[in-house]
Q: 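If you scroll down you'll find the structure; I have some questions about it.
Hydrogens, waters and symmetry mates are skipped; everything else that's a heavy atom, side chains included, is used. Lettering of chains follows the sequences in order, A, B, ..., and the numbering in each one begins at 1. Source: prediction; values computed, not measured.
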Amino acid sequence: MKRFVAPVAIGVGAVLALSACGGAATTPSGESAEDGTLVIWNWGNSDDAAAAYQDEVLAVFAEQHPDVEVEIVSQPFDQYYTLLGSAIEAGTGPDLALFNGGTQLKSRTDQLTPVTDELADIHDQLAGWPAFEDGGETYSAPMFLQGFPIYYNKAIFAEAGLDPENPPTTWDELADACDTIASETDVSCFALGNKEGLGIEFFLSGFGSGIFTPEEYDAWIDGERDWESEHATQVLQLWADTAEDGWYNDGANSTAMFNDSFDLFSGGQAAMVIGLSSGIAHWKQFDDFLGDDLGFMMPVTVNDGTTLALPIEGGIGYGVLNEDKLDLGVDWIKATVDRDALANYSIAGGQIVSDTTIELDTDIQSAQDIVAELPGSKPLLHTSLGGDTLDLLHRVGQQLLIGEITVEDAASQLAASEG
Amino acid sequence: MTAPTSTRAVVLSDPSPGWPRRTPKVPRRKRKITSETVTPYLLVLPVLLILLVFRIYPLLLGINFSFTGDQELNGVFVGFDNYLFLLQDERFQASARNVLVVLLFVPIEVLVAGLLATFIFIKVPGHRFYRSVYFLPVVLSPIIIGAIFNIVLGANGPLNAMADSVGLPTVDYLGQTMTALPSVLAVHIWATFGMALVIFLAGFSTLDQQLLDAAKIDGANFPQTIWHVIIPGLSQTIQFVFVTTTIGMLTGLFGLLYTMTAGGPGAASYLPEFLIWKLNGEARPALASAASVFLLLIVLVIGLIQIRVLRRATKES
Amino acid sequence: MRAERISRWVIAIPMALLAIATIYPMVYAVNIALKDRREYVLDRLGVTTTFNIQNFVDAWTQANMGRYYLNSIIVTVASVAIILLLASMAGYAIAHLTFRGNRVMFLVILGTMMIPFQVIMVPFIKLMSDIGTINTYAGLIIAYVSQFLPFTVFFMASFYSGIPKEITEAARVDGNNLWGVWGRIMLPLGKPALLSMGILNALFCWNDILIALLVMQSPDQRTVMVGVSALRGQYPDNVPTYLAGVLLVVLPLVVVYLIFQRQITAGVTAGATKG
């Protein structure tokens, strides 16, 4: 009868011994107080090019700080901010963490150390700063520019009898094009993934410059937002109308933006998509599937008195969470925008980098078209929203898409959440 | 030794499995400290200590934390502000409502598992094979189950393609308010009924075969046999499965929810644990704590009520 | 008799369909894991033609699975062993022994069983950090033991309460004290229940992501499931590789299940029918 007890007891003993070893051997990342380590969180490298870029950044940093050990922790992106928030709250957060510019960074500025003066010397070298600025302070430097360019499939345009070289420039033309695509082909007009609720923010920022006047646009970015204004309600109305008019693939609310909807576009199942300019779902990835059929178009004019602009701003950048490691953190941030590292990654990984003096050496036409529009570009509309308003926008976006709430209701909820 | 060693034996022979009999009143003064009186405490002590330190204490910390503010109010005492905020928050209301929907699905899982166990018990053709196969999903992680069913239940997925081919309407199961949460729950049942099934089978093996034979001789048909012989004989097993299924549903849906609907559309499939997760991700940990406390109360009250009701119901039958 | 046989076959049809519905998604996952990225985008539902075994190789190396497997095994084995040991002790006491506070103890078990981990997530991690167990095996083991112990105690108490008092009393007459009864009677008799709970808790520990992500923040200390979920962050567009990784994680579980399935599904029942 003792047969059963003995193995259990041995097992427990052995394991406790093992775990004690494990405990002694590790360096708790939360207590990186000892000099010479820098713990950095990010959400990993999307491909070999990104990994190569990270290696270059590490090399640049190591040149300045050969004795500092850098520990990079890659967390799954979809759990990233909750993990980070919990870790910071529990006092086990990293020294530096990667942030999306705009809402994500701005809602955590109370935990970040400003680096305004420290980065002043590279300010003129890069574009896209506003996404990392809040209340007059700078919290990080943008590595890439992230925007919402509209891509289209020239082959599908041709199949539908539309002119592949002259995409729509006004809302009416766009609506006509979608009608034609619906009747002439069996693909959807736009690929849409709205499972995460992201569809409406792509719609808002993607088409915003054709809807809002430049004054309204700038005021919106500055925080003066009136969701019940004519043009803001119009955004919600157009979003609901396009769903009702059948612009999108079936089941958009259960289709993940990343990457089911982009796969639909890559796979020729949709004529257009509001994509990204860097990271993933960009010109290089679509080029892999569509080649010369890939086209880029600007937003369309919806209202008179608007000035079309490419929506793009600083994408991602590292923020300093541990004030004691400020100097190391600043040097790491500067290493991430090292000109050579960015230049190499730009072409290998398909990134529009923040250093606009770097020439994008690619023959992918849509990339050149995007770069050509950079001078007149504007920041994204949705990233100036607060975290809770943005989450509410995601939810009403889903409800509008299936006609469960009215535009007026959505607008008043959003207005209320802006307080 | 002829001790019954199955769960169902245990469950069956105890009038109230798992619920300890009331300790007979022992006059306090006359108690002597002997090895006999101390050993029971030593046996439960490790469990008690672990639960006090690593469950109850964090819970108390969380309650304390829920009365402080977030961001610029970090660490500042804000009284019941977080709670008042939650009461009018759409996502919180949806989470609380959805707990009730979740509980409605508990009997369905018990029924499904019970029926299938009955069929396996009466040895329908292939019963051995089914017994093995049905348990298999229990092994899989919710992440992979969610990933697979995202595709299977998709608007253009295999299920809808099949429905379409026989002329049934297609449904965007995970993207519609009415179907999102029920779909997640259905998948949860698919993924976990194997466990309930095994417990039921354990219960069946203690059923009195003579009673079943007698019913057959008396000419009872199958539904009658279930109703008059099997259910009364299994009342303790049923109760046990109910409790474990309830707990599984109240605490084990996060993984599926996360991968299948992410709470949407709108807040239609929000559940407590998901809301808390989201609030932490929105850099509002104190609000998340308040939601934790609030929703813990709801879960505890509902859970305990259900257990009470069940105890009474099965006792009367 | 004939009618009954027919009705059994009729019942078998939906049961067979359900069995197919149980197996099909898994076959489906294997199918997708064998596609290359291009085939996945262009033809998601069709049967693979590329048979891209490379996905499994990539997943293995990119998710550092060799190292992470070891972490998972250590943590899972230790957690399960401790859970079973403590639960059988407490389960025996709660079910068989009379002591003051027995009911309170049971309510504590029942109450803690219903706490979803998210509810205590932040304070729990804070506690782990305060006692210095972040990034240690011990920390993750404590986390799993405290998370899964209540249900196991509940189950064991329920199981033991079905063992007749006469058996334990006979053992007492033979000169065993309470520890002896536990070690010589309750542990061996509890074997089927302990085996079921062992498998179930091993599944929970092995498949967990959330707790492991929070407690094991250092890349070297991760479990295999976390390694694979980070794979998704690293290669967000490569679903086939991700699924290949998940299948590699699940594979040992399926093997263990196939080995022990008789004990799990049939074995539990067998002991009792003899009685």
Q: M15(C), M89(C), R8(C), M113(C): which one forms the most heavy-atom pairs within less than 4.5 Å of chain B?
A: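 The option with the most such pairs is M15(C).
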Q: Check each atom of I131(C) against the heavy atoms of chain B and say whether the ones under 4.5 Å are side chain, backbone, both or neither.
A: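 The side chain, not the backbone.
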Q: If I measure from the heavy atoms of chain C, does L59(B) come under 4.5 Å with its side chain, its backbone, both, or neither?
A: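 When you check distances to chain C, atoms from both the backbone and side chain of L59(B) fall under 4.5 Å.
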Q: Using a 3.5 Å distance criterion without hydrogens, assess whether the side chain of T133(C) forms a donor-acceptor pair with backbone atoms of S129(C).
A: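 No; judged by distance alone, with no hydrogens or angles, the pair does not exist.
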Q: Is A202(C) in contact with chain B via its backbone, its side chain, both, or neither, using a 4.5 Å heavy-atom distance?
A: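 When you check distances to chain B, no heavy atom of A202(C) falls under 4.5 Å.
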Q: Considering all heavy atoms of both residues, which atom of V102(B) and which atom of L271(B) are nearest to each other, and what is their separation?
A: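 Taking every non-hydrogen atom into account, CG2-CD2, 3.7 Å.
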Q: Heavy-atom pairs under 4.5 Å with chain B - which of V246(C), V119(C), L253(C) has more of them than the others?
A: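 Looking at each option in turn, the highest pair count goes to V119(C).
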Q: Which atoms of L43(B) come close to chain C, meaning under 4.5 Å heavy atom to heavy atom: side chain ones, backbone ones, both, or neither?
A: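 When you check distances to chain C, atoms from both the backbone and side chain of L43(B) fall under 4.5 Å.
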Q: With a 4.5 angstrom heavy-atom cut-off, is it the side chain or the backbone of V152(B) that approaches chain C, or both, or neither?
A: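 Just the side chain, heavy atoms under 4.5 Å.
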Q: Can you confirm whether or not the ring centre of F254(B) sits under 6.0 Å from the ring centre of F117(C)?
A: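 No, ring centres 6.0 Å or more apart.
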Q: Check whether Y130(B) gets within reach of chain C through its side chain, its backbone, both or neither, counting any heavy atom under 4.5 Å.
A: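 It is the side chain, since no backbone atom gets that close.
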Q: Could you tell me which portion of L86(C) (side chain, backbone, both or neither) has an atom closer than 4.5 angstrom to a non-hydrogen atom of chain B?
A: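 Both backbone and side chain.
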Q: Okay, side chain of N280(B), backbone of V122(C): is any donor-acceptor separation there less than 3.5 Å?
A: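 No, N280(B) side chain to V122(C) backbone: no donor-acceptor pair under 3.5 Å.
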Q: Below 4.5 Å from any heavy atom of chain C, which atoms of F193(B) appear? Answer side chain, backbone, both or neither.
A: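 The side chain, not the backbone.
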Q: Any donor-acceptor pair under 3.5 Å linking the side chain of N207(C) with the backbone of I143(B)?
A: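 No, the answer is negative, given that no donor and acceptor are paired below the 3.5 Å cut-off.
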Q: Hey, which of L296(B), L250(B), L136(B), L300(B) has the most heavy atom pairs under 4.5 Å with chain C?
A: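 Answer, by heavy-atom pair count under 4.5 Å with chain C: L136(B).
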Q: I need the residue from L200(C), V249(C), L243(C) with the largest number of non-hydrogen atom pairs under 4.5 Å to chain B.
A: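 It is L200(C).
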Q: Students often mix this up, so state it plainly: with edges at 30° and 60°, are the rings of F240(B) and F154(C) parallel, tilted or perpendicular?
A: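 Parallel, since the angle between the ring planes stays under 30°.
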Q: Is it the case that the side chain of Y160(C) and the backbone of M186(C) share a donor-acceptor pair, with hydrogens and angles ignored and the cut-off at 3.5 Å?
A: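 Flag set: sc Y160(C) to bb M186(C) pair under 3.5 Å.
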Q: Hey, which of F129(B), W190(B), F65(B), W277(B) has the most heavy atom pairs under 4.5 Å with chain C?
A: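 Max contact count across the listed options: W190(B).
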Q: Using 30° and 60° as the class boundaries, would you call the ring planes of W179(C) and W182(C) parallel, tilted or perpendicular?
A: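 W179(C) vs W182(C) ring planes: perpendicular.
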Q: Between V145(C), V250(C), I115(C), who has the most heavy-atom pairs with chain B when the cutoff is under 4.5 Å?
A: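 Among the listed options, the one with the most contacts to chain B is I115(C).
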Q: Can you tell me which portion of L197(B) sits under 4.5 Å from chain C's heavy atoms? Options are side chain, backbone, both or neither.
A: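 Neither part; nothing is under 4.5 Å.
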Q: Please report the shortest heavy-atom distance between I32(C) and P240(C), naming the atom on each side.
A: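 Scanning both residues completely, I find the closest heavy atoms to be O-CB, 3.4 Å.
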Q: Let me know if F151(C) has heavy atoms under 4.5 Å from chain B in its side chain, its backbone, both or neither.
A: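 For F151(C), side-chain heavy atoms alone lie under 4.5 Å from chain B.
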Q: By a 4.5 Å heavy-atom criterion (distance strictly below it), what part of N221(B) contacts chain C: side chain, backbone, both, or neither?
A: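 No part of it gets close to chain C.
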Q: Step by step, would you call F149(B) with Y28(C) a ring pair (Phe, Tyr, Trp, His ring centres under 6.0 Å)?
A: CA-CA 10 Å; F149(B) 275 94; Y28(C) 202 86; 9.8 Å; no
Q: Using non-hydrogen atoms only, which part of Q147(C) is less than 4.5 Å away from chain B: side chain, backbone, both, or neither?
A: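 Its backbone and side chain both get close to chain B.
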Q: Is the backbone N or O of A283(B) less than 3.5 Å from a side-chain atom of D70(B), with the two atoms forming a donor-acceptor pair by type?
A: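 Checking the backbone N and O of A283(B) against the side chain of D70(B), no donor-acceptor pair under 3.5 Å is found.
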Q: Please flag which part of L42(B) lies under 4.5 Å from any non-hydrogen atom of chain C: side chain, backbone, both or neither.
A: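 The answer is both parts of L42(B).
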Q: Can you tell me which of L210(C), I209(C), L203(C) forms the most heavy-atom pairs within a distance under 4.5 Å of chain B?
A: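 With the most close heavy-atom pairs to chain B, the winner is L203(C).
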Q: What do the steps show when you test R55(B) against S146(C) for side chain to side chain donor-acceptor pair (under 3.5 Å), and what is the final call?
A: CA-CA 7 Å; R55(B) 297 287 106 169; S146(C) 56; 3.1 Å; yes
Q: Do V241(B) and M195(B) have side-chain heavy atoms sitting under 4.5 Å apart?
A: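 Side-chain contact under 4.5 Å: no.
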Q: Using non-hydrogen atoms and a 4.5 Å limit, figure out which bit of Y57(B) sits close to chain C: side chain, backbone, both or neither.
A: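 Just its side chain gets close to chain C.
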Q: If I measure from the heavy atoms of chain B, does L149(C) come under 4.5 Å with its side chain, its backbone, both, or neither?
A: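 Contact with chain B involves the side chain of L149(C) alone.
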Q: Where on L18(C) is there a heavy atom nearer than 4.5 Å to chain B: the side chain, the backbone, both, or neither?
A: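 For L18(C), the contact with chain B is made by backbone and side chain together.
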Q: Looking at P158(B), P142(B), A147(B), G62(B), which one has more heavy-atom pairs under 4.5 Å with chain C than the rest?
A: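 Among the listed options, the one with the most contacts to chain C is P158(B).
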Q: Closest approach of C205(C) and S79(C), non-hydrogen atoms and distance?
A: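 Smallest heavy-atom distance, with atoms named: SG-CB, 3.9 Å.
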